[in-house]
Chemist: 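Please see the structure below; I have some questions.
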Amino acid sequence: MKRAMFVALAMTLGSAVAAPFVYPAAWTAEQNTANKRGGEFRNYTISDFKSINPFTDAEATSIPGTMEAGAGLFIQDPRNDELIPYMADGAPTVSNGGRRFVVKIRPGMKFSDGQPITADDWITTYRIHTDDKVGSNSYDNFFLNKKPITVKKIDNSTLQFDFPQQSAKALVLMSYTPWPDHIFGAAYRSGGAEAVKKLWTLGTPANQVVSPGMWTLESYQAGERTVLKKNPYWGEWNKDSRGQALPYLDRYSYRVTTDLNAALAAYLAGQIDTFGPRNADDLAQIKRAIDGGNLKATLTPNVSPQAQSQWITFNWNKASDPDKQRLFRDVRFRRAMSHIANRQAMVQLALGGLGSENYYSVYPIFKNYISDAAPKYRYDLAQATRLLSQIGYTKKNAQGYLVNGAGKVLEFNLATNAGNTVREQLGRIFADEARKVGVKVNFTPIDFNNLVGQLTAKGENRPFDAILLGLSGGDNIWPFGQNVTPCGTNLHSYNNPTSGACLTPQESLMTKLYYQGDATLNVAQRRAIGAQLLKAEAELQPVVYLVGGNYHVTYNERLGGEYSREMMDAYYGARNIALTFIK
Amino acid sequence: MIPFLLRRALQAIPTLLLASLLIFFVISLAPGDFLTPAKLNPNISPEQIANLERSFGLDRPVWQQYLLWLGNMLRGDFGLSFQYQQPVLGVIWPRIVNSLWLVLLILVIFYAVSIPLGVFGAVRQNSLGDKSVNVVLYFLLGFPSFFIALIALYFIVQARFATGLDIPIGGMRSENFAELSPFRQALDVAKHLIVPALILAITDAAGLTRVIRGQMLEVMRSDYIRTARAKGVSERTAIWKHTFRNAILPIVAGIGGTLPGLIGGAGFIEVVFAYPGITPMLLNAINTQDLYLIAGFTMITTVLLIIGNAISDILLAVVDPRVSVS
């Protein structure tokens, strides 16, 4: 009895001294001053949910992914991209040459079942993610350059992270979501990876699912609707700027609409609260509904570029065709190809005017890493012609195609994945413009899986000329791709010989700068390295970047608490859901 | 009856074996596999992809994968879906049930529309009514059902704007479903089902109406109908008892094909109306090359096709005394 009293006292004291995380008032353009609470944010997803288990889940929009909102040692401030302590009680103590981070956990945090969140939860989560038998999608996040990151428990509220090398992304890598040790740890210790995989399937009753974050599962209906409810314990350590518990909402729900037209119809009918307009047609329909007074909503087109780009890569490993190999390896040829790309027309015709021109591997949305020192080879057919004549293509044949001294036509095959209408249009525009200067581009959409097989093939003789494709994903901390920039990585698409060696000094420089920037903790220094890397890459022009779509925001008027217009973008989104409320 | 069923069961074994072989190898012929898109993800390393290949069994030769799958299937295990990481049957079952409701309603409307219209067309051949029914049905038949569904969706939204009525747009249940009484729940589901069911049933009805009309006309001209009429049976008996019963024999013979159709779902209508049936899931499985999900589902449909054919043979024997199953 005495002991119980003591525990109860300790717990009240514990939660009393625990300093909550206070959401800055500037994180919302509209304060919840009327003190509205409750209600449901009704979202949608275009694919059925596949899993509730955070260790086997691999979807873009997922149930565990939604429960992860509001859990993690550090979070990024959308105002300045800085990482601030969140589940961490303060800034980490860094030692061992920037490779060891010791972090105190914020006291008083609890899972949705009321159990306290302790260092053990982070350790168990780390162990399960790094067990290759589990097949977790986060597996790679615990390795740097193939060397493992280690996580150790100092005491119940202190964690120590040891990195094999310095990393700019250290705080991000440390910010994985801790899942309950009393559920996953117990299963893992008794039954290993298999036992973990069997937990939290789609058949698991919702009340057995436990979340550390803002939301926890309330109900799941296959292919239809999933409802999450707020985790009441989360509000104990998450407060708004006036000290009130968050989130304001009671529920967050997803409706599954495989067909985007059905999602649009549901949005127009006021049955869901937000929609991601794809094109001018979607925007026009929403605008008409708003203007007609049928839909009370806010529509902001072209908020920012999307974090994605479309590009053309040329194959430098074509031993079977030395002429083409020499051509693709010639920087003048690749610059000429960039001059041929009519990005303005691509934005207008393929993206309906709702897109942005791309010149670098860094998406234009990551403004802090775009520097003016890096050259842009803009649309300029005269320049292209001049560069091609320098390579020896001065004469045209009867069909109007450029030929070299031996009479060989300047031509290559360009492939993209069939069915992607935007890429098919981009390819046609590129081929048409190329025709104007006398370059014959044989453009063929082919099967996606074939295309990926060709792109990721290694060797001295890889099976393609040029490929038009796109990539997305990445962050604004070090926005160069770890699988893309360094030589020998699997998406270093232009040059991938068996040995994985760099071919040009610029490539070696880019590889060096990539790892150097990745290991630089100081933001200003890292951005300076990024500027050098961007310049080297733009001059080498190994990949011709074309265009990317724009991000549009629309939401139902019943919602309040969105970001101010300057803070919204494709990376941070339109709102922090914790500060969102129903008017 | 029993020997007939036993014989059918025996015949089914080589059929199913061959079907399983075809299904598995045809799917495997497609380039790439479930993990291909992951190779384009800058955040997934080649080591991790090799890891996943090993744990999914994708690194083994196709014939080994097939034998393993076949062996498990004989024990009632259709394998794990790659995307869902859980048994195929567990993924498919709730969707089959959902599709079943929709398709049953479609069937009821389908027969309720096409039988009377077909009979009417035959009895009042070339009348104004017959012609106008034909025109409307042909018009509907000419459009793909998903396109009509998209148009319907547009009009539902406009109707909601105009009247403020709560007409469901897609899905199967309302948000407050859990709070409704069982009777209201049934009503709620029916409300969601009716528009997609009507669209599909009516667009499909054109074909069957034509068949029934043609069959009826043929039978009506036959000697025994003339004899029956001469004997003085009423017009009603002549049409429904003598003509109709003989005219629908080919249709009964085709009923066996509807059983796999029942669990096969209502096709693109389900996609357009965001209905949680089998088609959206299957399309997604094909897109992502979720091998065991596609193969398992196709096997189940094949089994049902065999059972359906047996049932339709039995039904035929019931309707047509000249046919005997034993």
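In what follows, every chain begins at residue 1, and chains take the letters A, B, ... in the order their sequences are listed.
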Chemist: Name the option with the most non-hydrogen atom pairs under 4.5 Å to chain B; the candidates are E59(A), K198(A), Q221(A).
Modeler: Q221(A)
Chemist: Any idea which heavy atoms bring L268(A) and F161(B) closest together, and the distance?
Modeler: O-CE2, 3.2 Å
Chemist: Measuring only between side-chain heavy atoms, which start at C-beta, is F448(A) closer than 4.5 Å to P31(B)?
Modeler: no
Chemist: Counting heavy-atom pairs under 4.5 Å with chain B, which one of G292(A), S472(A), A265(A), S51(A) comes out on top?
Modeler: A265(A)
Chemist: Taking side chain as everything from C-beta outward and backbone as N, CA, C, O, which of these in L40(B) sits under 4.5 Å from a heavy atom of chain A? Side chain, backbone, both or neither.
Modeler: both
Chemist: I'd like to know whether NZ of K287(A) has more than 12 heavy-atom contacts from other residues, nucleotides or ligands below 6.0 angstrom.
Modeler: no
Chemist: What's the separation between atom CG in L295(A) and atom CZ in R160(B), rounded to the nearest 0.5 Å?
Modeler: 11.0 Å
Chemist: For L153(B) and A262(A), which heavy atoms make the closest approach, and how far apart are they?
Modeler: CD2-CA, 3.9 Å
Chemist: When only pairs under 4.5 Å are counted, which of G90(B), G170(B), P276(B), G171(B) shares the most heavy-atom pairs with chain A?
Modeler: P276(B)
Chemist: With a sphere of 6.0 Å drawn around NZ of K191(B), does it hold more than 12 non-hydrogen atoms of other residues, nucleotides or ligands?
Modeler: yes
Chemist: Nearest 0.5 angstrom please: I44(B) CD1 to N137(A) CG, how far?
Modeler: 4.5 Å
Chemist: Within a reach of under 6.0 Å around CZ of F268(B), are more than 12 heavy atoms found that belong to other residues, nucleotides or ligands?
Modeler: no
Chemist: Does any heavy atom of chain B fall under 4.5 Å from the side chain of F143(A), the backbone, both, or neither of them?
Modeler: neither
Chemist: Considering only heavy atoms, which portion of Q86(B) lies under 4.5 Å from any heavy atom of chain A: side chain, backbone, both, or neither?
Modeler: side chain
Chemist: Identify which part of L469(A) has an atom lying under 4.5 Å from any heavy atom of chain B, answering side chain, backbone, both or neither.
Modeler: side chain
Chemist: Got more than 12 heavy atoms from elsewhere within 6.0 Å of CD1, I46(A)?
Modeler: no
Chemist: Write down the atom of I169(B), the atom of A266(A), and the distance for their closest heavy-atom approach.
Modeler: CG2-N, 4.2 Å
Chemist: Could you check which of E47(B), M281(B), E270(B) has the highest count of heavy-atom pairs closer than 4.5 Å to chain A?
Modeler: E47(B)
Chemist: Report the distance from atom NZ of K39(B) to atom CG of N449(A), rounding to the nearest 0.5 Å.
Modeler: 8.5 Å
Chemist: Which residues in residues 287-296 of chain B have any heavy atom lying under 4.5 Å from a heavy atom of chain A?
Modeler: Q289(B)
Chemist: Under a 4.5 Å heavy-atom cut-off, does chain B meet the side chain of V484(A), its backbone, both or neither?
Modeler: side chain
Chemist: Report the option among A222(A), S136(A), G135(A), G481(A) that has the most heavy-atom pairs separated by less than 4.5 Å from atoms of chain B.
Modeler: A222(A)
Chemist: Between Y84(B) and D48(A), is any side-chain donor less than 3.5 angstrom from a side-chain acceptor?
Modeler: yes
Chemist: Using a cut-off of under 4.5 Å on heavy-atom pairs, state which of I167(B), V272(B), N284(B) scores highest against chain A.
Modeler: V272(B)
Chemist: Using a cut-off of 6.0 Å, state whether more than 12 heavy atoms not belonging to Y154(B) lie near its atom OH.
Modeler: no
Chemist: Looking at residues at least two apart in the chain, or sitting in another chain, which of them share a side chain to side chain donor-acceptor pair (under 3.5 Å) with S253(A)?
Modeler: E40(A)
Chemist: Heavy-atom cut-off 4.5 Å, strictly under: side chain, backbone, both or neither for N41(B) against chain A?
Modeler: backbone
Chemist: Hey, what do you get for CG (L455(A)) to OG1 (T36(B)), rounding to the nearest 0.5 Å?
Modeler: 12.0 Å
Chemist: Can any side-chain N or O of E224(A) pair as donor or acceptor with the backbone N or O of R173(B) at less than 3.5 Å?
Modeler: yes
Chemist: Hey, mind stepping through R225(A) and M172(B) against side chain to side chain contact (heavy atoms under 4.5 Å, CB included) and telling me if it holds?
Modeler: CA-CA 9 Å; R225(A) 216 168 99 85; M172(B) 186 183 174; over 6 Å; no
Chemist: Is there side-chain contact between Q85(B) and N53(A), with heavy atoms separated by less than 4.5 Å?
Modeler: no
Chemist: Is there a donor-acceptor pair under 3.5 Å between the side chain of D259(A) and the backbone N or O of V271(B)?
Modeler: no
Chemist: What distance separates F146(B) CZ from N261(A) CG, expressed to the nearest 0.5 Å?
Modeler: 10.5 Å
Chemist: Where on L202(A) is there a heavy atom nearer than 4.5 Å to chain B: the side chain, the backbone, both, or neither?
Modeler: both
Chemist: Is chain B contacted by the side chain of T257(A), its backbone, both, or neither, given a heavy-atom distance below 4.5 Å?
Modeler: both
Chemist: Please round to the nearest 0.5 Å and tell me the distance separating atom NZ of K50(A) and atom OG of S81(B).
Modeler: 8.5 Å
